[in-house]
Participant: 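First the structure, which I've put down as structure tokens, then a few questions once you've had a look.
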Amino acid sequence: MKRGLLLVDRGSREREASEELDAICEGVKKKGGYEFAHYCFLEVEPPYIEDGMARCLKEDISHLTIVPYFLYPGKKVKNAVTDVMKFQKDTEVKFVVTRQMSMHKTMVDIVENRISAALSKNNITIPKNDVDVMIIGHGSMDPNAQMSLNYIVDKLSPTYRNVSRCWLEIEQPDIETGIKKCEQNSPKVLVIVFYFLHEGAHVKTDINNDLLPALEKSSIKKTCITGHIGADEKMIDLILERAKEVENAD
């Protein structure tokens with residue numbers, strides 16, 4: 001049985017996003033034993049889904065595993081799955097679709113690693129139970145997005161002094177409100193987590209446009225900011241785990 005894998009990402013014009021996806025696909029191919037691992041974008045920038053599917057279906061495979069590479073369930077994931085499954089009727093290649101990258105302990109582990117790295121980079125050595133954490137997510141109209149980020153908050157809460165979350169757009173609390181709520185707890189240090197897959201425009205520009213003014217107005221004395229999720233080895237393992245869930249059920 002010859003298998004291929006296709007990651008369907010939301011899409012970004014930033015070069016770093018494509019570089020991260022290239023690295024992830026290379027890792028998935030090597031560790032998962034696939035004939036290939038490609039990626040495509042739902043929107044924003046080519047290669048679009050039709051480009052990705054055309055490329056995959058030119059390959060000599062019998063099975064294609066399609067991975068919605070999103071941190072939250074919701075409309076974007078549903079659109080991605082709908083768009084890729086339109087191609088099933090015109091090919092004998094068997095499609096299976098995985099779950100998105102949410103509600104999984106691996107994501108908690110990655111966030112914890114980002115927090116630890118940020119503390120170390122800033123030479124902060126206080127115990128974890130003296131550290132406050134605020135996670136910034138993108139925001140979505142789908143209520144399951146809140147559930148997904150709340151899962152991360154709930155799993156981290158026993159380890160840190162306070163853990164909260166806010167949103168870049170669409171949902172409340174927004175970043176300014178999130179900082180104000182953190183301020184009320186008088187944190188010794190506040191670690192701000194960028195809960196985004198790629199170093200796109202949101203991470204490079206949009207978050208800081210809201211975050212930096214909010215921090216300047218606050219009385220919080222010590223903050224540090226984590227890196228985004230990126231091309232983490234644990235993400236490769238999570239993709240492969242999600243893939244095996246549906247491949248083994250087939």
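Numbering of residues begins at 1 and proceeds along the displayed sequence. Computed from a predicted model, the values in this text were never measured in an experiment.
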Participant: Could you work out, with side chain to side chain contact (heavy atoms under 4.5 Å, CB included) as the rule, every residue matching Asp132, not counting sequence neighbours?
Facilitator: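 Only Arg161, Asn162, Asn185, Pro187, Leu190 meet the side chain to side chain contact (heavy atoms under 4.5 Å, CB included) criterion with Asp132.
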Participant: Say whether, by atom type as modelled, one donor and one acceptor occur between the side chain of Arg242 and the main chain of Val67 under 3.5 angstrom.
Facilitator: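 Not confirmed, Arg242 side chain does not pair with Val67 backbone.
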Participant: Quick one: do Lys204 and Glu14 make a salt bridge, cutoff under 4.0 Å?
Facilitator: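 The answer is yes: the pair qualifies as a salt bridge.
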Participant: If every non-hydrogen atom of Ile170 is compared with every non-hydrogen atom of Gly139, which pair is closest and at what distance?
Facilitator: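 Result for this residue pair: CD1-O, 3.6 Å.
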Participant: Going hydrophobic residue to hydrophobic residue with side-chain gaps under 4.5 angstrom, can you get from Ile225 over to Ile175?
Facilitator: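 In one cluster with Ile225: Ile175, yes.
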Participant: Would a single hydrophobic cluster contain both Tyr151 and Val133, if residues Ile, Leu, Val, Met, Phe, Trp and Tyr are joined by side-chain heavy-atom contacts under 4.5 Å?
Facilitator: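 Looking at the clustering, Tyr151 is in the same group as Val133.
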Participant: Ignoring hydrogens, what is the shortest heavy-atom contact between Ser62 and Met1? Give both atom names and the distance.
Facilitator: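 What the structure gives for the nearest pair is OG-CG, 3.4 Å.
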Participant: Between Glu183 (side chain) and Ser219 (backbone), is there a donor-acceptor pair under 3.5 Å?
Facilitator: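 Side chain of Glu183 to backbone of Ser219, a donor-acceptor pair under 3.5 Å: yes, one is there.
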Participant: Suppose we screen for salt bridge (Lys or Arg N to Asp or Glu O under 4.0 Å). Which residues come up paired with Glu19, at least two apart in sequence or across chains?
Facilitator: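 Salt bridge (Lys or Arg N to Asp or Glu O under 4.0 Å) check on Glu19 returns Arg15.
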Participant: Between Arg3 and Glu59 (salt bridge meaning N to carboxylate O under 4.0 Å), is one present in this structure?
Facilitator: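 Salt bridge absent between Arg3 and Glu59.
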Participant: Mind checking whether Val93 and Leu57 have side chains closer than 4.5 Å, heavy atoms only?
Facilitator: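 A side-chain contact under 4.5 Å exists here.
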Participant: Please name all residues satisfying side chain to side chain contact (heavy atoms under 4.5 Å, CB included) with Ser120, sequence neighbours left out, ordered by chain then number.
Facilitator: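 Ser120: no side chain to side chain contact (heavy atoms under 4.5 Å, CB included) contacts found.
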Participant: In chain order, what residues pass the side chain to side chain contact (heavy atoms under 4.5 Å, CB included) check against Thr177, with sequence neighbours excluded?
Facilitator: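 Applying side chain to side chain contact (heavy atoms under 4.5 Å, CB included) to Thr177 gives Gln172, Pro173, Asp174, Lys181.
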Participant: Please identify each residue that fulfils salt bridge (Lys or Arg N to Asp or Glu O under 4.0 Å) with Lys188, with sequence neighbours left out.
Facilitator: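 By the salt bridge (Lys or Arg N to Asp or Glu O under 4.0 Å) rule, Lys188 matches Asp130.
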Participant: Would you mind reporting whether Met107 and Leu71 have side-chain heavy atoms less than 4.5 Å apart?
Facilitator: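 When only atoms from C-beta onward are counted, Met107 and Leu71 do touch, with a gap below 4.5 Å.
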Participant: If the condition is side chain to side chain donor-acceptor pair (under 3.5 Å), which residues does Glu26 pass it with, not counting sequence neighbours?
Facilitator: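 With neighbours one apart ignored, the set is empty.
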Participant: Is the shortest heavy-atom distance from the side chain of Tyr195 to the side chain of Ile229 under 4.5 Å?
Facilitator: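 Tyr195 vs Ile229: side chains touch.
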Participant: With distance as the sole criterion, is a donor-acceptor pair present between the side chains of Thr65 and Glu247 under 3.5 Å?
Facilitator: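 Result is yes, a qualifying pair exists.
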Participant: What residues form a side chain to side chain contact (heavy atoms under 4.5 Å, CB included) with Val81, not counting sequence neighbours?
Facilitator: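 Testing Val81 for side chain to side chain contact (heavy atoms under 4.5 Å, CB included), a comparison that skips the adjacent residues, returns Pro68, Val77, Met85, Val97.
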Participant: State, to 0.1 Å, how close Phe41 and Ser18 come at their nearest heavy-atom pair, and which atoms those are.
Facilitator: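 Taking every non-hydrogen atom into account, CZ-OG, 4.1 Å.
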Participant: Got a salt bridge between Glu112 and Lys155, using NZ or NE/NH1/NH2 to carboxylate O under 4.0 Å?
Facilitator: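 Looking at Glu112 and Lys155, the cut-off is not met.
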Participant: Do Ile24 and Tyr39 come close enough that some side-chain heavy atom pair is under 4.5 Å?
Facilitator: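 Result no, sub-4.5 Å side-chain heavy-atom pair not found.
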Participant: Distance-only criterion, 3.5 Å: show the donor-acceptor pairs between side-chain atoms of residues 46-53 and protein atoms not counting sequence neighbours.
Facilitator:
{"from": "Asp51", "atom 1": "OD2", "to": "Tyr48", "atom 2": "N", "distance (Å)": "2.8"}

Participant: Can you confirm whether Thr226 sits close enough to Val191 that some side-chain heavy atom of one is under 4.5 Å from a side-chain heavy atom of the other?
Facilitator: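 Thr226 vs Val191: side chains touch.
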Participant: List for me each residue that meets salt bridge (Lys or Arg N to Asp or Glu O under 4.0 Å) alongside Arg55, sequence neighbours excluded, and say none if there are none.
Facilitator: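 Salt bridge (Lys or Arg N to Asp or Glu O under 4.0 Å) list for Arg55, sorted by chain: empty.
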Participant: Mark yes or no for whether Thr106, through its side chain, and Lys234, through its backbone, hold a donor-acceptor pair below 3.5 Å.
Facilitator: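 No: the side chain of Thr106 does not pair with the backbone of Lys234.
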Participant: One pair to check against salt bridge (Lys or Arg N to Asp or Glu O under 4.0 Å): Glu241 and Arg99. What are the steps and the verdict?
Facilitator: CA-CA 10 Å; Glu241 184 174 335; Arg99 290 187 285 167; over 6 Å; no
Participant: Which donor-acceptor pairs under 3.5 Å do the side chains of residues 141-150 make with protein atoms, sequence neighbours left out?
Facilitator:
{"from": "Asp142", "atom 1": "OD1", "to": "Asn144", "atom 2": "N", "distance (Å)": "2.7"}
{"from": "Asp142", "atom 1": "OD1", "to": "Asn144", "atom 2": "ND2", "distance (Å)": "3.4"}
{"from": "Gln146", "atom 1": "OE1", "to": "Arg165", "atom 2": "NH2", "distance (Å)": "3.1"}
{"from": "Gln146", "atom 1": "NE2", "to": "Glu171", "atom 2": "OE1", "distance (Å)": "2.7"}
{"from": "Ser148", "atom 1": "OG", "to": "Asn144", "atom 2": "O", "distance (Å)": "3.0"}
{"from": "Asn150", "atom 1": "OD1", "to": "Arg165", "atom 2": "NE", "distance (Å)": "2.9"}
{"from": "Asn150", "atom 1": "OD1", "to": "Arg165", "atom 2": "NH2", "distance (Å)": "3.4"}
{"from": "Asn150", "atom 1": "ND2", "to": "Gln146", "atom 2": "O", "distance (Å)": "3.2"}

Participant: Quick check on the hydrophobic clustering: are Val111 and Leu168 connected, directly or via other members, by side-chain heavy-atom contacts under 4.5 Å?
Facilitator: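 In one cluster: no.
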Participant: Under 4.5 Å between side-chain heavy atoms, hopping through other hydrophobics if needed: is there a path connecting Val44 to Tyr69?
Facilitator: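 Different hydrophobic clusters.
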Participant: Are His198 and His228 close enough that their ring centers fall under 6.0 Å?
Facilitator: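 No, the ring of His198 stays outside the 6.0 Å limit from the ring of His228, centre to centre.
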Participant: Once ring-ring contact (aromatic ring centres under 6.0 Å, His included) is applied, do any residues pair with His38, and if so which ones, sequence neighbours excluded?
Facilitator: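 Phe36.
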Participant: Within the structure provided, determine whether Ile135 and Leu156 are in side-chain contact (heavy-atom separation under 4.5 Å).
Facilitator: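 Yes, close enough: below the 4.5 Å cut-off.
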Participant: Under the salt bridge (Lys or Arg N to Asp or Glu O under 4.0 Å) rule, collect the residues that match up with Lys29, sequence neighbours excluded.
Facilitator: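 By the salt bridge (Lys or Arg N to Asp or Glu O under 4.0 Å) rule, Lys29 matches no residue at all.
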